[in-house]
Structures are given as C-alpha cells and as structure tokens.
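Everything on this sheet refers to the single structure shown next.
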Amino acid sequence: MPFWHAQLAAWKEAWQVKNLPALPRVELTPPDQKGTLTLNIFPLLRAYRGDVQAATQAVLQPLPHILQAEVVKGFVNIRFAPAFWGEFLREALLQPQEGYTRLSLAKADKLMIEFPSPNTNKPLHLGHLRNICLGECVSRLWERIGATVVRANLVNDRGIHISKSMLGWKKFFAPATPATTGKKGDHFVGDCYVAFEKAYKEEVEALKAQGLSEEEAMVQAPLFQEAQALLQAWEAGDPEVLALWREMNSWVYAGFDQTFARLGIRFDKVYYESETYGLGKKIVEEGLARGIFYRSADGAVWADLTDEGLGKKILLRRDGTSVYVTQDLGTAELKFQDHPDLTQSVYVIGNEQDHHMRVLIALLRRLGKPYADKIYHLSYGMVELPTGRMKTREGTVVDADDLLGEMHARAYELITEPLPEEEKQAIAEAVGQAALRYYLLRVEPTKNIVFDPAESIDMKGFTGPFLQYGYVRAKRLLEKAAEKGYAPLQGELPVQLESLEESVLQYLYALPHFMEVAARSFNPALLAHYGYELTRRYNEFYQTLSVLGSEAPIRSFRLGLSAVYAAAIQAVMEALTLPVPERM
RNA sequence: GGCCCCGUAGCUCAACCGGAUAGAGCACGGGAUUUCUAAUCCCGCGGUUGCAGGUUCGAGUCCUGCCGGGGUCGCCA
C-alpha cells in the first residue's frame, strides 16, 4: 500500500473506527489517469449495496488536503493539493534517514543471511556475482526497514573437490605458488583444479577404451582413487595433508578477499565446513540412535524421506566420511547456537539446490529442531550463456575479476567531463559496477539470466548508470542553487503544480512502500524497477521544466523536490548495492 | 518417469493481495541543446501474455490438462 507509513497508520485507524468490512486497496494511479493515489472500492461496493457515491464519501472523509477526487468505475482517483506535497517534502527533507529512507517496521526481526558460500577450488564467477549482489542487497533492504542483519559466509573448504585441486597442484604445479607465478591465489588454485580434471578425464577415456562403463571408469581411475585417499587422510588428520590444505586455502582466501574488497562486502561471521562437519556427524549419530535415520548393510547412514516425496538421502558414506548435507546440518545448528534469537535464517543459494534445501529442512524437522521452519531459501536462477550453462571444464566460465575489469574499462571510455585521472578511475569503477550489479538485480531472482559475452552490458536506458546519472544531475543542480543562495522549500508554495512535478512526487511518496515490499519479498528487482521509474520521471521533469530559471515559489518547490529525489535515489542505489558517484 | 522453476513485443525485462486501454529498455525510423551534465528527453514502429478449458463483476496473475525450455531426483559441494 503506497501510503507513507505514518500517514497510513492514521488513515487505517480512522477506518477501523468506522468498523467497515474491508479497507479499500490503495494503488498508485496509472499515468493515463488524473491523480496520485487510487482507492479501489470494488470490494466495498457490496457493503454499500452498489452505492458508489456513499462508498466514495466514506473513503475520502478521513483524508487531508484533497484537491480533486474523480470516480471512474470502481476507482477513486485522488489528487493532493500543493499544501500536502509541501508538507511531505518538508518531512522527507527533515529526516531523510530515519523517517523516509530508513524505516522502523522490522525492529523485532533478526536475520542471518548466508552468501555467497564459495568453494575453495576455483575463482569466483558471474554466478557468484549474482549471488553476492542478491545477498548484500537483501541484507541492506532488511536493515533499511529496521531489522538486524548478520551477514554470514560459509566456506566449502573440504570435500573431494578440494582434494582434486590439491592433487592437481602436487602433480602439475608444485613447487610453484601464487607468489612465484604472480598469479592471484584463487585463480592459481583454479588452474590446479582444471589441470586435475583434464588428466582425470583422460584416464577415464582410456579406461572406457578398455571396455569399462563410464561409471566404472570414473570410480576406478587412479587419480580419483588417489583423491579419495587424500580426502580420507584429510579427515584422519594427516599432518602433511593438512599443511598443504591450509596453505592452498590461504592462497584462495587472499584472492577472494581481494575480490570481496573490490565489491565492498564483508561478513560478520565466516563458517568453515571443515569446522562444522564434525557437529553434523554428531547430529546424524544422534538421529541414528533415536531411530530417525537408519544404517544400510554396507554401513552407510540414510534418511528415508520418500513419504515427503524427497526420496532417500545418504548422510554418511560407508567409509564414515560426511557428505554435503551432513555438514549443512552442523552449520544450521551452529548458526542458532551463535544467535539463538534469529527470527530467520536465510540461505542465498542457486535453484539447482532447491531439492537439497528441502531435504535439509525436512531432516531438521524430523530431528525436532525448532529452527527448521525459520530457514528461508532465497533461490535464484542460473546465469547462463547463449550456448547454455557455464562450465569450468570447457573454459566457458565468465570470471568475476575479468568481468569487473572489462566493465571498468568500458565505463572509463564514456567519461566526457574533464576531471583528474584519479577521479576518472573512481568514476569508471563506480559506473562499471553499477551497470553490472543492476543488470543482475533487475531480474526477479527466480528467473534465469542469459548473459551474452559478445553483447556487452548496457550503460544506457534501463541500467544502473541511468540511476547514477539522475542523481548526479540533481546534486549538481542543488549545488548551483546553493551557490546562488537559493534554498529549497522557502516561503510560499506554488498555487498549482505541473503534472510532471506530480508525476515525480507520486513516486517519491511511494519509496517506503517499495522498500518494504522488496525487503519482505526478498525481491530486489522490485526496487530496481522502482528506481528506474522514479529516475525516468525525474529526468522528464528535469529536461522539460527549468528549476533555477523559474519564479521564486516554484523554484523553491522544485529544489525541494530535487533534494528529496536525490535522497530517495541515493537510498535506492545504496540498497541495491550500486556505488553512488558525485560526478560522472 | 516423479518433483521444482520458467514461458509476455525481434531481443532483455515489468505489471505491487486478481483490477482501468498489458508497460519500459535495447534494436529500428524521426526529432530536441543561446538556459540546471545529451550516460538525457520527445514522437513513431512493435502483442492471440506458449495452447485449451475452468473459477468471477473482472484473469498475464488463481485452478486443471497439455506443449516448450531449464533444474533436480541415495554416497560432488
């Protein structure tokens, strides 16, 4: 409901006093109709026996400053008088932080938001960037509406894939290091992993040529056997294996930290699966003892979830080592040990793991964990190439660092303002990232994104730089006004407003609504579209009407409008994780 | 085969609890700058919302079936 929240509360109250059957829906009036807000009174007509006049009057009575109300079918379109907008702009300007762009709606909520949880055997790619943008954006949105947020990263630092990169290093790279090769640590380790996969594939092909099936070949290949032995040695605590593991991880972390820093994200808490899988195993043992799980003849431990349509799930291999879900059980428990007062535990994970997450929640429910129902899987679609999925082994992965560099270079080319080199670099970084991040956030999380490396990400139109540009122009306008001694919202208000002004005001007014809905629905795309539409309207206003050149009361009002626009779009960009440049 | 997600203009996406004539960007064609940054603005072109039923004052939205794409379904994470 796009009523600025404080006013909405008063209005709702007035309604409850009347004891009417239903509140009318409040919507933004569509652009082709005259008005700012529309009250949809269709649902009320029954109570008023089809008397549109009576229903309209009842609805309008508690609202202040109505200039005009037009009834079209079941819709009551309201326009507000300049006095209303003057009040609104003043309040928004007085408290751009607490009252307008930051809300106190979710003070009781405390969320842990887990992202991006990378594996430590390859560098970050475009899929991780989508994950990071979503996770950080959702975190900021909830903070904006008043909640406490704990950002958590879960590092998948153990498992067969790690053994593979370790073997890859031993066989093909040792004793080289990132330091000796000058390569970024995560990329270096990624190369080790790819080298392993290549050699492994060759072994599998050779075995298949000898008549083995694909499945047999994959298990019997010497490199795979070696990797498994390495994993067992790791779980047994072999000091030599652990030392190499630690060293290679430190290379990867140094690389990740560099990319995280460039993206401006940090975590309140980092979990390592190497530290949580033990707890996971313990939970499985307990479940086994309580008869919730069972042991098969070969010694593996299972959960039977067939009655929930989730099939059977292995929890411990026959050699006793843990699998993915085992460590996730431990991590889930640990999160609530660390923060017992969490109201929600959010996992930002791709939709390829929808099934896995359902299994995890089902297992926790069976174990009687009260937090099982506080888990929310923020599932998002894949970032695909026109040719299909990105695949490490085929070298079609779009590397995060490469893409950031490319965006920076392209943004740099577009800078026309004469500015010092250092500032140009900073702007290029801000604009490049905004284009990339907006591109990833403007699509609803559930949908797949097709990224075509041949067609670069746009900087014009429905893009991040579009929002930045609107902001920069508004700020420069305000600066120039200040130089001339013009102040916003001084003296009298204009007698009547231009429709282009009302168009901007309508959207400014709706900011808190969009902020709240985007947060609660975990859907940044809503705010991305809001920010675009708001800026589109402001640009139209800016392009068509003069601010500095207009008469005093109008100028002052338009400056107020511009100041609130700047505050609003800044808040939107911050929530969407877009950098906010002052020039471009 | 079972389950999950997706299907809207040539392409990329919207449509807030079911609401008014389904809207933007890109691309394409035309136009706007003696005035606040042209990464902007204006005009034009572009639709059987995958198909068929159902629910109701009203369906892109909800329900059923089908078609197409993707994901996933006991020992990768």
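As the structure is a prediction and not an experimental result, all values here were calculated from the model. Here is how names work: the chains are called A, B, and so on, in the same order as the sequence lines, proteins then strands, and each is numbered from 1.
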Review point. NA contact type, Ile349(A), heavy-atom cut-off 4.0 Å: base, sugar-phosphate, or nothing?
Key: nothing
Review point. For Arg473(A) and A38(B), is the shortest distance between a side-chain N/O and OP1 or OP2 below 4.0 Å?
Key: yes
Check your understanding: Between Tyr486(A) and Arg555(A), is there a cation-pi geometry (under 6.0 Å to ring centre, at most 45° from the normal)?
Key -> yes
Revision key, fill the gap. Given the 90°-from-0 boundary between syn and anti, G74(B) should be labelled syn
Practice item. To the nearest 0.5 angstrom, please state how far the CG atom of Leu578(A) sits from the OH atom of Tyr471(A). Key: 12.5 Å
Exercise for review: For Val547(A), answer base if it contacts any base atom (sugar-phosphate contacts may also be present), sugar-phosphate if it contacts only those atoms, and nothing otherwise; contact means non-hydrogen atoms under 4.0 Å.
Suggested key: base
Revision key, fill the gap. When His161(A) and Ile314(A) are each assigned the nearest nucleotide of RNA chain B, the 5'-most assignment goes to Ile314(A)
Check your understanding: Would one find a side-chain N or O of Asn539(A) under 4.0 angstrom from OP1 or OP2 of C41(B)?
Key -> yes
Check your understanding: How far does the C1' atom of A9(B) sit from the matching atom of C16(B), given to the nearest Å?
Key -> 23 Å
Exercise for review: Using a 4.0 Å heavy-atom cut-off across all strands, classify Leu477(A) as base, sugar-phosphate, or nothing.
Suggested key: base
Check your understanding: Can you tell me which stems RNA chain B forms when a stem means 3 or more consecutive Watson-Crick or G-U pairs under 3.5 Å?
Key -> B:1-7 with B:67-73, B:10-13 with B:23-26, B:28-32 with B:40-44, B:50-54 with B:62-66
Exercise for review: Look at all strands and tell whether Asp298(A) reaches a base, only sugar-phosphate, or nothing, counting heavy atoms closer than 4.0 Å.
Suggested key: base
Check your understanding: CG of Leu561(A) versus P of C36(B): gap in Å, rounded?
Key -> 19 Å
Exercise for review: Would you mind checking if Arg536(A) and Glu533(A) are paired as a salt bridge, meaning a charged N to carboxylate O distance below 4.0 Å?
Suggested key: yes
Revision key, fill the gap. Closest to the side chain of Asn119(A), out of A39(B), A77(B), U12(B), is A77(B)
Check your understanding: What's the verdict on side chain to side chain contact (heavy atoms under 4.5 Å, CB included) for Leu316(A) and Glu285(A), showing C-alpha distance, side-chain angles and the deciding distance?
Key -> CA-CA 9 Å; Leu316(A) 288 177; Glu285(A) 298 293 349; 3.7 Å; yes
Check your understanding: Would you say Arg318(A) has more than 12 foreign heavy atoms packed within less than 6.0 Å of its CZ?
Key -> no
Review point. Would you say the ring centroid of Tyr277(A) lies under 6.0 angstrom from that of Trp234(A)?
Key: yes
Exercise for review: Mark this stacking check for Phe75(A) against A20(B) as yes or no, applying ring centres under 5.5 Å and ring planes under 30°.
Suggested key: yes
Check your understanding: For Glu273(A), which contact category applies under a 4.0 Å heavy-atom criterion: base, sugar-phosphate, or nothing?
Key -> sugar-phosphate
Exercise for review: Give one of base, sugar-phosphate or nothing for Ile162(A), where a contact means two heavy atoms less than 4.0 Å apart.
Suggested key: nothing
**Study point:** Closest nucleotide among C3(B), A77(B), A39(B) to the Arg358(A) side chain
**Key:** C3(B)
Point to revise | Residue-phosphate contact under 4.0 Å: Arg317(A) side-chain N/O, A77(B) OP1/OP2 | key: yes
Review point. Can you find a donor-acceptor pair, distance only, under 3.5 Å between Asn448(A) side chain and G70(B) base?
Key: no
Check your understanding: Quick one: the side chain of Thr38(A) and the base of A20(B), do they pair up donor-acceptor inside 3.5 Å?
Key -> yes
Review point. So which of residues 318-325 of chain A are in contact with RNA chain B, with a heavy-atom cut-off of under 4.0 Å?
Key: Arg318(A), Val323(A), Tyr324(A)
Exercise for review: Could you tell me whether Arg389(A) contacts a base, only the sugar-phosphate backbone, or nothing, with contacts defined as non-hydrogen atoms closer than 4.0 Å?
Suggested key: sugar-phosphate
Exercise for review: For a side chain to side chain contact (heavy atoms under 4.5 Å, CB included) with Arg317(A), tell me which candidate from Val323(A), Val301(A), Thr326(A) qualifies.
Suggested key: Val323(A)
Check your understanding: For the side chain of Val431(A), counting heavy atoms from C-beta on, which of G74(B), A39(B), G19(B) is nearest?
Key -> A39(B)
**Study point:** Met407(A) side chain near Met459(A) side chain, heavy-atom distance below 4.5 Å
**Key:** yes
Exercise for review: For Gln353(A) and U72(B), give me the distance from atom CD to atom P, rounded to whole Å.
Suggested key: 10 Å
Review point. Looking at Phe541(A) versus Tyr538(A), is the centre-to-centre ring distance below 6.0 Å?
Key: yes
Point to revise | Presence of Tyr542(A) side-chain N/O under 4.0 Å of U37(B) phosphate oxygens OP1/OP2 | key: yes
Review point. Taking it one step at a time, do Glu308(A) and Arg366(A) satisfy salt bridge (Lys or Arg N to Asp or Glu O under 4.0 Å)?
Key: CA-CA 11 Å; Glu308(A) 292 182 59; Arg366(A) 293 198 178 200; 2.8 Å; yes
Practice item. For side chain to side chain contact (heavy atoms under 4.5 Å, CB included), just list the numbers for Val348(A) and Val138(A), CA-CA rounded to whole Å, side-chain angles, deciding distance to a tenth of an Å, and then say yes or no. Key: CA-CA 10 Å; Val348(A) 184; Val138(A) 163; 5.9 Å; no
Review point. Taking atom types as modelled, is there a side-chain donor on Glu429(A) or Gln425(A) under 3.5 Å from an acceptor on the other?
Key: no
Review point. Looking only at atom P, what distance separates C63(B) and U55(B), rounded to whole Å?
Key: 15 Å
Check your understanding: What nucleotide, of A14(B), U40(B), G19(B), holds the atom closest to the side chain of Lys460(A)?
Key -> U40(B)
Check your understanding: What form does the base of C5(B) take, syn (within 90° of 0) or anti?
Key -> anti
Point to revise | Residue-phosphate contact under 4.0 Å: Arg555(A) side-chain N/O, U35(B) OP1/OP2 | key: no
Check your understanding: How about Phe462(A) and Tyr438(A): are their ring centroids closer than 6.0 Å?
Key -> yes
Exercise for review: Find the distance Asn351(A):CG to C3(B):P and express it as a whole number of Å.
Suggested key: 18 Å
Check your understanding: Do the charged groups of Glu479(A) and Arg476(A) touch, with an N to O distance under 4.0 Å?
Key -> yes
Check your understanding: With respect to the side chain of Thr446(A), which nucleotide from A20(B), C5(B), A77(B) is positioned closest?
Key -> C5(B)
Exercise for review: Look at the side chain of Asn77(A) against the base of A20(B) and say whether a donor-acceptor pair falls under 3.5 Å; ignore hydrogens and angles.
Suggested key: yes
Practice item. Determine the interatomic distance between P on U8(B) and the same-named atom on A14(B); round to the nearest Å. Key: 11 Å
Check your understanding: Phosphate oxygens OP1/OP2 of U37(B): is one of them under 4.0 Å from a side-chain N or O of Lys480(A)?
Key -> yes
Practice item. Grab the CZ-P distance between Phe115(A) and A77(B) for me, whole Å please. Key: 24 Å
Study note, to complete from the structure: note: Glu444(A), atom CD; G70(B), atom P; distance rounded to Å ~ 21 Å
**Study point:** Polar side-chain contact His513(A)-C16(B) base: donor and acceptor under 3.5 Å
**Key:** yes
Point to revise | Arg536(A) vs Glu352(A), nearer the 5' end of RNA chain B by closest nucleotide | key: Arg536(A)
Practice item. Examine A14(B): is either OP1 or OP2 under 4.0 Å from a nitrogen or oxygen in the side chain of Lys447(A)? Give yes or no. Key: yes
Check your understanding: Looking at A39(B), C4(B), G70(B), which one has an atom nearest to any side-chain atom of Asp354(A)?
Key -> C4(B)
Review point. What is the distance from CZ of Phe462(A) to P of C26(B), rounded to the nearest Å?
Key: 11 Å
Point to revise | Length of the CD-C1' vector between Gln543(A) and U40(B), whole Å | key: 5 Å
**Study point:** Gln228(A) CD to A77(B) P, straight-line distance once rounded to whole Å
**Key:** 10 Å
Check your understanding: Just checking Leu526(A): base, sugar-phosphate only, or nothing, at a heavy-atom cut-off of under 4.0 Å?
Key -> sugar-phosphate
